[in-house]
Undergrad: 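Mind looking over this structure? Questions follow.
We name chains A, B, ... by the order of the sequence lines, and we start the count at 1 in each one.
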Amino acid sequence: MAAVARALIGTTLLVDGVGGMVVETEAYDRNDPASHSFRGPTLRNAAMFGPPGHAYVYRSYGIHWCLNLVCGGEPGAAVLIRALDPAFGLDAMHSRRGGLPVRDLCRGPGRLCQALGITDALNGRRLDEAPFLLRPRTAEPVIAAGPRIGISQGVATPWRFGLAGSRLLSRPMRG
DNA sequence: ATGACGATGCACT
DNA sequence: GTGCATCGTCATG
């Protein structure tokens with residue numbers, strides 16, 4: 001749901017105390033050909049059809065992990081977390097990802113999962129319990145929207161959201 | 001049983 | 001900008 005994806009920009013996401021402010025998200029739902037839930041429930045996407053407020057973690061390109069937050073309302077809706085502003089646990093992030101510039105630690109869905117230590121072990125887990133911690137935003141951010149990244153269907157749906165002007169996005173915002 | 005294809009990231013030109 | 005690693009998942013036969 002796009003409203004949830006927007007609402008998550010500016011919130012803070014931590015896993016075992018490591019993380020930062022969410023600066024980029026994408027929305028997916030069941031009526032969306034780009035969504036893993038489009039073809040109905042399967043073993044992989046089961047968490048998307050489970051209760052809201054849980055994590056959906058999937059493997060991307062056989063290599064990376066990606067984190068989604070499952071939404072309420074119609075089943076099969078979730079928000080992909082695409083980038084964070086690294087702020088807490090920078091030592092842990094660097095030990096997992098190497099001595100990169102801070103701005104590169106969480107810029108991209110696979111990168112942020114590596115930096116935060118997110119794997120399929122967290123698939124289906126509640127987001128309101130350890131190791132997760134979600135902290136509400138303290139100010140109303142200016143949000144830019146545009147087409148989602150890396151999909152071949154549903155390209156016209158502008159369900160990518162980012163903190164306007166941020167240099168921490170996985171790619172510059174367009175649209 | 002098998003093949004096509006990724007909600008990506010990195011190295012390289 | 002381009003090429004490609006790498007393997008689970010799903011659709012098809």
Side-chain angles (χ1 to χ4, degrees), chain A residues 1-9 13 15 19-20 22-50 52 54-71 73-86 93-125 127 143-163 166-175:
Chain A
M1 182 172 286
V4 178
R6 281 182 171 278
L8 283 166
I9 301 294
L13 170 67
V15 176
V22 175
V23 298
E24 182 182 347
T25 61
E26 284 177 0
Y28 291 88
D29 75 20
R30 174 135 196 204
N31 296 319
D32 171 4
S35 174
H36 290 174
S37 59
F38 182 62
R39 298 169 194 280
T42 66
L43 191 57
R44 174 177 68 156
N45 67 22
M48 289 185 85
F49 291 92
H54 289 234
Y56 166 48
V57 180
Y58 71 93
R59 200 199 272 285
S60 175
Y61 288 86
I63 305 168
H64 313 287
W65 299 105
C66 293
L67 172 68
N68 293 255
L69 310 190
V70 177
C71 299
E74 294 299 309
V79 173
L80 173 68
I81 308 299
R82 288 195 57 90
L84 303 181
D85 181 351
M93 294 191 199
H94 276 127
S95 74
R96 289 166 179 151
R97 281 190 44 72
L100 298 162
V102 170
R103 73 173 166 281
D104 291 334
L105 289 172
C106 298
R107 207 179 72 197
R111 289 165 166 173
L112 79 87
C113 283
Q114 188 183 5
L116 272 59
I118 296 168
T119 70
D120 63 335
L122 296 180
N123 186 38
R125 299 275 290 272
L127 297 166
I143 296 172
R148 293 170 294 180
I149 306 290
I151 56 172
S152 58
Q153 302 182 59
V155 177
T157 307
W159 278 1
R160 177 180 179 227
F161 304 98
L163 183 64
S166 174
R167 288 164 294 183
L168 299 162
L169 305 183
S170 62
R171 298 188 54 173
M173 192 57 75
R174 165 212 132 194

Undergrad: What salt bridge (charged side-chain N to carboxylate O under 4.0 Å, His left out) pairs are there with at least one residue in residues 33-46 of chain A, not counting sequence neighbours?
TA: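 Salt bridge (charged side-chain N to carboxylate O under 4.0 Å, His left out) check on residues 33-46 of chain A returns no pairs.
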
Undergrad: First contact, last contact: which nucleotides of DNA chain C are these for chain A, 5' to 3', heavy-atom distance under 4.0 Å?
TA: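 The footprint of chain A covers C:dA5 to C:dA11.
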
Undergrad: Can you sort out the partners of A:His64 under side chain to side chain contact (heavy atoms under 4.5 Å, CB included), two or more places apart, ordered by chain and number?
TA: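 A:His64 satisfies side chain to side chain contact (heavy atoms under 4.5 Å, CB included) with A:Ser60 once adjacent residues are dropped.
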
Undergrad: Suppose we screen for side chain to side chain contact (heavy atoms under 4.5 Å, CB included). Which residues come up paired with A:Pro33, at least two apart in sequence or across chains?
TA: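 Residues passing side chain to side chain contact (heavy atoms under 4.5 Å, CB included) with A:Pro33: A:Phe38, A:Gln153.
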
Undergrad: Under the salt bridge (charged side-chain N to carboxylate O under 4.0 Å, His left out) test, which residues partner A:Arg111, sequence neighbours left out?
TA: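 So A:Arg111 forms no salt bridge (charged side-chain N to carboxylate O under 4.0 Å, His left out) with any residue.
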
Undergrad: Can you sort out the partners of A:Ala115 under side chain to side chain contact (heavy atoms under 4.5 Å, CB included), two or more places apart, ordered by chain and number?
TA: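 A:Ala115: side chain to side chain contact (heavy atoms under 4.5 Å, CB included) contacts with A:Met93, A:Arg97, A:Cys106.
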
Undergrad: Which residues satisfy the salt bridge (charged side-chain N to carboxylate O under 4.0 Å, His left out) test with A:Asp32, sequence neighbours excluded?
TA: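 Per chain and number, A:Asp32 pairs via salt bridge (charged side-chain N to carboxylate O under 4.0 Å, His left out) with A:Arg148.
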
Undergrad: Mind checking ring-ring contact (aromatic ring centres under 6.0 Å, His included) for A:Tyr58 and listing every partner two or more places apart, or none if nothing turns up?
TA: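 Testing A:Tyr58 for ring-ring contact (aromatic ring centres under 6.0 Å, His included), a comparison that skips the adjacent residues, returns A:His36, A:Tyr56.
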
Undergrad: With sequence neighbours excluded, tell me which residues meet salt bridge (charged side-chain N to carboxylate O under 4.0 Å, His left out) with A:Asp104.
TA: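 Partners of A:Asp104 by the salt bridge (charged side-chain N to carboxylate O under 4.0 Å, His left out) criterion, ordered by chain and then number, come out as A:Arg107.
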
Undergrad: Within the 4.0 Å limit for protein heavy atoms, which parts of nucleotides 1-13 of chain B are touched? Write it as a string from 5' to 3', B for base, S for sugar-phosphate only, - for none.
TA: -----BBBSS---

Undergrad: For residues 74-85 of chain A, which residue pairs pass the salt bridge (charged side-chain N to carboxylate O under 4.0 Å, His left out) check, not counting sequence neighbours?
TA: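 Salt bridge (charged side-chain N to carboxylate O under 4.0 Å, His left out) check on residues 74-85 of chain A returns A:Glu24-A:Arg82, A:Glu26-A:Arg82.
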
Undergrad: Represent DNA chain C in dot-bracket notation, 5' to 3'. Only Watson-Crick or G-U wobble pairs with both distances under 3.5 Å count; pseudoknot-style crossings use [ ] and interstrand partners use |.
TA: |||||.||||||.

Undergrad: Closer than 3.5 angstrom, by distance alone: can the side chain of A:His94 be matched with the main-chain N or O of A:Gly99 as a donor-acceptor pair?
TA: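 Side chain of A:His94 to backbone of A:Gly99, a donor-acceptor pair under 3.5 Å: no, none is there.
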
